[in-house]
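Note that the numbering runs from 1 along the sequence shown for the chain. All ligand and atom numbering here is 1-based and tracks the order in the structure.
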Amino acid sequence: MQNNLIDLRSDTVTRPSPAMRKAMMEAEVGDVQYGDDPSMNRLQERIAALLGKEKALWFPSGTQANQAALLVHTKPADDVIVGAESHVAWHEAGGGAANAGIQFTTIGSNGLFTAADFARAIKPRSMDIYSPTTLVVIENTHNRMGGLIWPQDEAARICTAAHDHKIAAHLDGARLWNVSAETGMPVAELAGPFDTVMVAMSKGLGAPGGSLLAGPRDLIDQAVRYRRRLGGAMRQAGFFAAAAEYALDNNFARLKEDHEAARLLGKMLAASPRVRLVADRIATNILVFDLRDDAPDAVTVMRQARERGVLVNAFGARKMRAVTHLDASREDCQRAGEVLAEIIG
Ligand SMILES: *Cc1c(COP(=O)(O)O)cnc(C)c1O
């Protein structure tokens with residue numbers, strides 16, 4: 001991709017800065033499968049401590065870490081409760097069914113659901129006509145619903161209700177860093193009510209790859225075998241760990257700038273009567289918006305924006321997504337807002 005493009009397709013498009021590359025180049029590495037990679041060992045310990053969990057395990061992708069979570073918490077034919085439009089049900093290529101053999105029950109609207117919604121959806125183990133509910137997954141921030149932040153007290157109530165029914169709770173926290181940066185709540189507090197949590201280093205933090213699954217020692221030990229089975233057992237992955245540590249040290253504190261840039265872009269788009277933002281308030285770095293019937297459709301807007309140097313995603317026939325990140329300055333976002341507003345009208 002040429003550097004003069006303003007690329008707001010995702011916060012995964014960032015490229016390692018010279019300083020991050022230097023940290024990677026100088027990383028001390030070893031064979032992860034033998035436990036010999038000092039950079040990886042250090043990162044996993046640091047993430048476990050940050051998240052307040054016993055142990056953490058690195059995966060090449062967040063999808064694979066989520067899949068391993070499904071595998072450690074469920075058995076084939078179990079039922080997994082998720083919010084509407086969650087990543088695990090929409091963006092993991094059917095992995096829940098193919099890898100874990102589970103079925104999803106989707107509840108709530110706009111990515112959120114209440115403890116009461118959850119209680120109504122639980123399928124009890126005691127009745128053998130049911131697929132037993134053994135896991136609930138919450139996504140914070142919520143990707144397809146415009147980067148929204150979960151109310152922490154409701155998430156905690158859901159986890160308590162889950163545990164009362166011997167149901168495990170997993171947090172898809174690919175962008176948990178954004179929640180922490182925005183609310184000031186430590187990630188350990190956000191992850192506290194959950195058994196396991198996944199965090200991505202490759203989104204807003206800007207590392208070139210890698211996500212971690214953290215939780216109780218026995219579950220993470222089981223996840224090691226699932227990672228192997230899913231093909232994610234890499235060797236000198238300490239190069240990625242070094243990038244992740246660099247990202248934690250240097251790119252966490254600035255995430256709020258991305259949120260402010262997203263709000264600026266959101267304000268510019270909301271000024272058009274042909275745009276409807278899916279969230280009333282831009283909570284973090286993702287904007288999802290609908291194009292009303294009198295606007296061009298999403299693919300047309302995407303193509304025309306590209307011709308003018310701005311990349312955004314068509315997320316549906318009349319739905320679009322733009323994501324701010326460390327390689328797009330506030331001025332870039334302002335320029336993207338002008339271009340999109342002109343095209344949409
Ligand atoms: C990106 C993302 C993932 C998966 O991460 P990959 O590294 O792209 O596989 C999982 N959950 C959410 C909410 C995400 O946004």
Original post:
What protein heavy atom sits nearest atom 9 (O) of ligand 1, and how far away is it?
Top reply: Thr63 OG1, 2.6 Å
**OP:** Indicate yes or no: does Arg46 engage Asp249 in a salt bridge with an N to O separation below 4.0 Å.
**Re:** yes
**OP:** Using a strict cut-off of 4.0 Å, indicate which atoms of ligand 1 neighbour a heavy atom of Met198.
**Re:** 10 (C), 11 (N)
Original post:
For the hydrophobic clusters of this structure (ILVMFWY residues joined by side-chain heavy atoms under 4.5 Å, transitively), does one cluster hold both Leu176 and Met201?
Top reply: yes
Original post:
Taking a hydrophobic cluster as the set of Ile, Leu, Val, Met, Phe, Trp and Tyr residues connected by side-chain heavy atoms closer than 4.5 Å, whether directly or through intermediates, do Leu326 and Met24 fall within one such cluster?
Top reply: no
Original post:
What protein heavy atom sits nearest atom 11 (N) of ligand 1, and how far off is it?
Top reply: Asp172 OD2, 2.7 Å
**OP:** Check each heavy atom of Ala174 against ligand 1 and say whether those closer than 4.0 Å belong to the side chain, the backbone, both or neither.
**Re:** side chain
Subject >> side chain to side chain donor-acceptor pair (under 3.5 Å) against Asp36, all qualifying residues, sequence neighbours excluded >> reply: none
Original post:
More than 12 foreign heavy atoms under 6.0 Å from CZ of Arg303: is that the case here?
Top reply: no
Subject >> Check: Gln152 side chain, Leu190 main-chain N or O, donor-acceptor pair, under 3.5 Å >> reply: yes
**OP:** Just jot down the ligand 1 atoms closer than 4.0 angstrom to any heavy atom of Ser61, in number order.
**Re:** 7 (O), 9 (O)
Subject >> Proximity of Phe315 and Trp90 rings by center, below 6.0 Å >> reply: no
Original post:
Are any of the N/O atoms in Thr141 less than 3.5 Å from those in ligand 1?
Top reply: no
**OP:** Note the single closest protein heavy atom to atom 1 (C) of ligand 1, along with its residue, its atom name and the distance in Å.
**Re:** Lys203 NZ, 1.3 Å
Original post:
Using a heavy-atom cut-off of under 4.0 Å, does the side chain or the backbone of Thr12 touch ligand 1, or both, or neither?
Top reply: neither
Original post:
Any idea which atoms of ligand 1 are less than 4.0 Å away from a heavy-atom of Asn66?
Top reply: 10 (C), 11 (N)
Original post:
Should the proximity of His91 to ligand 1, defined as any heavy atom under 4.0 Å, be assigned to the side chain, the backbone, both, or neither?
Top reply: neither
Original post:
At a 4.0 Å cut-off, with the gap strictly under it, does some heavy atom of Arg175 reach an atom of ligand 1?
Top reply: yes
Original post:
With only distance considered, is Asn143 within less than 3.5 Å of ligand 1 through an N or O on each side?
Top reply: yes
Original post:
Any N or O of Ser211 that comes nearer than 3.5 Å to an N or O of ligand 1?
Top reply: no
**OP:** Give a yes or no on whether a salt bridge exists between Asp11 and Lys203, defined as a side-chain N under 4.0 angstrom from a carboxylate O.
**Re:** no
**OP:** Measure the distance from atom 6 (P) of ligand 1 to every protein heavy atom, then report the residue, atom name and distance (to 0.1 Å) of the closest one.
**Re:** Gly62 N, 3.5 Å
Subject >> For Ser17, all residues meeting side chain to side chain donor-acceptor pair (under 3.5 Å), sequence neighbours excluded >> reply: none
Original post:
Going by atom types only, do His165 and Arg125 share a side-chain donor-acceptor pair under 3.5 Å?
Top reply: no
**OP:** Give the contacting part of Gln64 toward ligand 1: side chain, backbone, both or neither, where contact means a heavy-atom distance below 4.0 Å.
**Re:** neither
